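Notes for the one structure printed next.
Note that the structure is predicted; figures quoted are calculated from it, not measured. Note that the numbering runs from 1 along the sequence shown for the chain.
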Amino acid sequence: MGEGKTRRGIIQASGLAAAGLATGGAGAPGYPPPSPLDAGGVQEGRVAFPPWRGEADPPGEPPPAPLPPGERVGFAVIGLGRISLEQVLPAFASCRLARPTALVSGSPEKAALVARQYGIRPEAVHGYAQLERLRDDPAVQAVYIALPNAMHREYTERAAAIGKHVLTEKPMATSAEDCAAMIAACAQTDVRLMVAYRCQYEQVNRAAIRAVQSGALGRLRFLQAANLQSNGPGPQWRYSRQLAGGGALPDIGLYCLNAARYLSGEEPVEVVAQAWSPPGDARFAEVEESMAFTLRFASGFLAQAQSSYGAYQEKSCRLAGERGSLLLEDAFAYRGQRLRLFRREGDAGLEQMPQLHPRNQFALELDHMARCVRESRRPHTPGEEGLRDQQIMEAIVRSAESGRPEAIPPLPSELPVRGPAPDPA
Ligand code: NAD
């Protein structure tokens with residue numbers, strides 16, 4: 001009796017069949033056939049394997065079920081700078097619903113090389129002035145905009161005008177007026193608009209959101225977040241008010257602000273802020289080097305944040321509640337997030353560190369956008385999310401200038417700012 005035909009094998013196979021798993025495989029000539037447990041099978045259009053490890057261990061991840069490349073949502077990547085080349089283009093390899101199908105760049109030599117690297121057709125590589133050629137490319141349904149902040153509005157409006165859905169980098173723009181115009185442009189041609197708030201798709205941050213929502217921490221009292229880095233010499237667009245809109249605040253302080261909102265699920269009502277730049281440093285003639293701010297929420301929750309281009313790198317976030325607290329290490333980094341939860345258990349303090357399967361947060365973000373395009377869904381981080389942060393950042397800047405607390409304008413509507421939560425990774 002071959003291995004696949006043993007009594008145990010037959011029992012397992014019938015159990016798997018009852019679970020709707022078409023199992024088995026012929027195996028290679030000259031060897032015993034694989035057991036159903038080893039060969040796995042197809043269940044509801046996905047490859048699935050029965051558990052091979054004992055129940056004591058957490059289960060492994062099922063194999064991904066990517067759409068065939070031709071059925072995925074095609075993205076034109078606009079701007080081939082660091083975020084596009086170092087993170088986003090490589091992340092498409094981990095995507096299941098999204099793929100890169102075109103490039104828009106001002107550097108033809110770089111764009112041709114990148115197109116070859118990612119299998120993008122030479123005729124799908126365009127200069128900025130030729131963006132409108134994407135209109136007639138059925139392989140492009142969406143654009144991903146990774147240009148300096150002040151350019152996001154123009155490229156969103158141009159993409160929306162030719163019927164392409166828009167995923168734009170953060171910060172959404174450099175003024176609330178520009179954000180509102182981007183929302184209006186996308187509404188007019190009924191295309192989705194999403195801001196690339198990758199941390200809201202990253203699993204460890206999402207686990208922290210769930211911990212807060214579960215009530216395990218009790219009512220929230222304080223958040224302390226830092227997004228600090230040491231920047232190099234100019235000239236670079238990040239030191240230009242015209243292109244960047246500001247310094248550390250819109251570039252990296254934004255992560256702290258956004259986290260205070262998505263972790264608490266509340267909206268701030270008032271802010272006190274201080275900005276500082278080293279005197280005589282030409283890099284900071286137009287934009288701030290550092291911005292510290294405290295947001296007050298109606299519930300009494302206070303969020304304190306520090307952002308700087310002139311301090312050793314740190315990207316941590318701490319949340320204190322009445323009944324427990326959490327620490328998100330490397331909360332805003334590209335990878336390596338760790339969550340620690342602290343609360344009382346019996347007569348002792350308890351520290352827990354959930355171990356999650358690592359996933360690429362850029363791929364999760366791109367796939368979320370692709371799902372929203374495919375299913376005509378409102379993104380979890382739509383334009384309204386970017387506009388809200390921009391309005392708050394404008395109040396932060398006003399407070400830093402006036403030296404006084406500044407009120408944050410209330411939300412214009414009761415409707416939730418965010419779309420439905422992303423599907424579990
Ligand atoms: P970068 O400087 O590395 O790339 C900018 C790209 O824009 C370059 O290819 C450059 O050639 C092009 N460009 C076109 N016109 C330009 C002009 N007038 N001046 C300067 N560059 C011009 O920047 P980056 O770090 O890739 O940032 C791009 C966008 O992505 C920004 O909005 C930034 O805030 C955002 N970003 C997001 C993340 C994230 O984690 N989500 C990380 C970094 C940057």
Ring centres under 6.0 Å, that's the criterion: do Phe222 and Phe301 meet it?
no
Lys170 NZ to Gln200 CD distance, which is reported to the nearest 0.5 Å
13.5 Å
Test side chain to side chain contact (heavy atoms under 4.5 Å, CB included) on Arg388 and Ile408 and set out the steps.
CA-CA 10 Å; Arg388 187 63 190 152; Ile408 294 167; 3.5 Å; yes
Could you tell me whether Glu154 and Arg158 make a salt bridge, using a distance below 4.0 angstrom between a side-chain N and a carboxylate O?
yes
Regarding Glu169 and Tyr144, is there a side-chain donor-to-acceptor distance under 3.5 Å anywhere?
yes
Check: Asn231/Gln229 side-chain N/O donor and acceptor closer than 3.5 Å
yes
Can you tell me how far NZ of Lys110 sits from CG of Leu85, rounded to the nearest 0.5 angstrom?
6.0 Å
Salt bridge between Arg340 and Glu351, side-chain N to carboxylate O under 4.0 Å?
yes
Looking at CZ of Phe75 and CE of Met369, how far apart are the two atoms once the value is rounded to the nearest 0.5 Å?
5.5 Å
Looking only at the side chains, is there a donor atom on one of Ser240 and Gln242 sitting less than 3.5 Å from an acceptor on the other?
no
Establish, from distance only, whether the side-chain atoms of Gln43 and Arg46 form a donor-acceptor pair under 3.5 Å.
no
Using a strict 4.0 Å threshold on nitrogen-to-oxygen distance, state whether Glu289 and Arg283 make a salt bridge.
no
Regarding Glu394 and Gln390, do their side chains bring together a donor and an acceptor under 3.5 Å, going by distance alone?
yes
Checking side chain to side chain contact (heavy atoms under 4.5 Å, CB included) for the pair Tyr197/Asp389: CA distance, chi angles, key distance, verdict?
CA-CA 11 Å; Tyr197 283 113; Asp389 276 343; 2.7 Å; yes
Side chain to side chain, Val104 and Leu134, heavy atoms closer than 4.5 Å
yes
Over 12 non-hydrogen atoms of neighbours within 6.0 angstrom of CD in Glu177
no
Do side-chain atoms of Glu288 reach the backbone of Gly247 as a donor and acceptor pair under 3.5 angstrom?
yes
Regarding Arg359 and Asp367, does a basic nitrogen lie under 4.0 Å from an acidic carboxylate oxygen?
no
For Met291 versus Ala273, what's the shortest heavy-atom pair and its separation?
SD-CB, 4.2 Å
If you look at every heavy atom in Ile252 and Ser308, which pair is closest and at what distance?
CD1-O, 3.3 Å
If you draw a 6.0 Å radius around CD in Gln188, do more than 12 non-hydrogen atoms from other residues or ligands fall strictly inside?
no
Arg153 and Glu157 ion-paired at < 4.0 Å
yes
What I'd like to find out is whether the side chain of Glu314 reaches to under 4.5 Å of the side chain of Gln306, using heavy atoms alone.
no
Quick one: are Arg261 and Val417 in side-chain contact, heavy atoms under 4.5 Å?
yes
Is it the case that over 12 heavy atoms from other parts of the model lie below 6.0 angstrom from the CD atom of Glu61?
yes
Check Glu286 with Arg241, please: is the shortest side-chain N to carboxylate O separation under 4.0 Å?
no
Among side-chain atoms of Tyr155 and Thr168, is any donor-acceptor pair under 3.5 angstrom?
no
Mind telling me whether His368 and Tyr201 have parallel, tilted or perpendicular rings, with 30° and 60° as the class edges?
tilted
Arg198 side chain to Phe332 backbone, donor-acceptor under 3.5 Å
yes
Distance check, rounded to the nearest 0.5 Å: Asp330 atom CG versus Gln313 atom CD?
8.5 Å
More than 12 foreign heavy atoms under 6.0 Å from CD of Gln274: is that the case here?
no
Rounded to the nearest 0.5 angstrom, the CD-CG distance for Glu270 and Leu295 is 10.0 Å
Identify the two heavy atoms, one from Tyr239 and one from Pro233, that lie closest to each other, and give their separation to 0.1 Å.
CE1-C, 3.9 Å
Less than 4.5 Å apart, any side-chain heavy atom of Arg133 and any of Asp137?
no
Should Pro148 and Arg238 count as side-chain neighbours, where that means a heavy-atom distance under 4.5 Å?
no
Heavy-atom closest pair (Ala208 atom, Leu328 atom, distance to 0.1 Å) is CB-CD1, 3.9 Å
Are side-chain heavy atoms of Glu406 and Ile396 found at a separation under 4.5 Å?
no
Please evaluate residues Val191 and Lys164 with respect to the criterion side chain to side chain contact (heavy atoms under 4.5 Å, CB included), reporting the C-alpha separation (whole Å), side-chain torsions for both, the decisive distance (0.1 Å), and the verdict.
CA-CA 6 Å; Val191 294; Lys164 305 295 175 183; 5.9 Å; no
How about Glu123: does its CD atom have over 12 heavy atoms from other parts shown lying under 6.0 Å from it?
yes
Heavy atoms only: give me the nearest Pro50-Leu37 pair and the separation to one decimal.
CD-O, 3.7 Å
Is the number of heavy atoms from other residues, nucleotides or ligands within 6.0 Å of CZ (Arg374) greater than 12?
no
Side-chain heavy-atom pair Leu341, Pro354 within 4.5 angstrom cut-off:
yes
Side chain to side chain contact (heavy atoms under 4.5 Å, CB included) between Leu263 and Cys317: does it pass, once the steps are laid out?
CA-CA 10 Å; Leu263 287 171; Cys317 182; 3.7 Å; yes
With heavy-atom distances below 4.5 Å as the criterion, would you say the side chains of Phe293 and Leu249 are in contact?
yes
Least distance between heavy atoms, Leu67 atom then Arg72 atom
O-NE, 2.7 Å
Pairwise distance CG(Leu80) to CG(Leu147) - rounded to 0.5 angstrom
9.0 Å
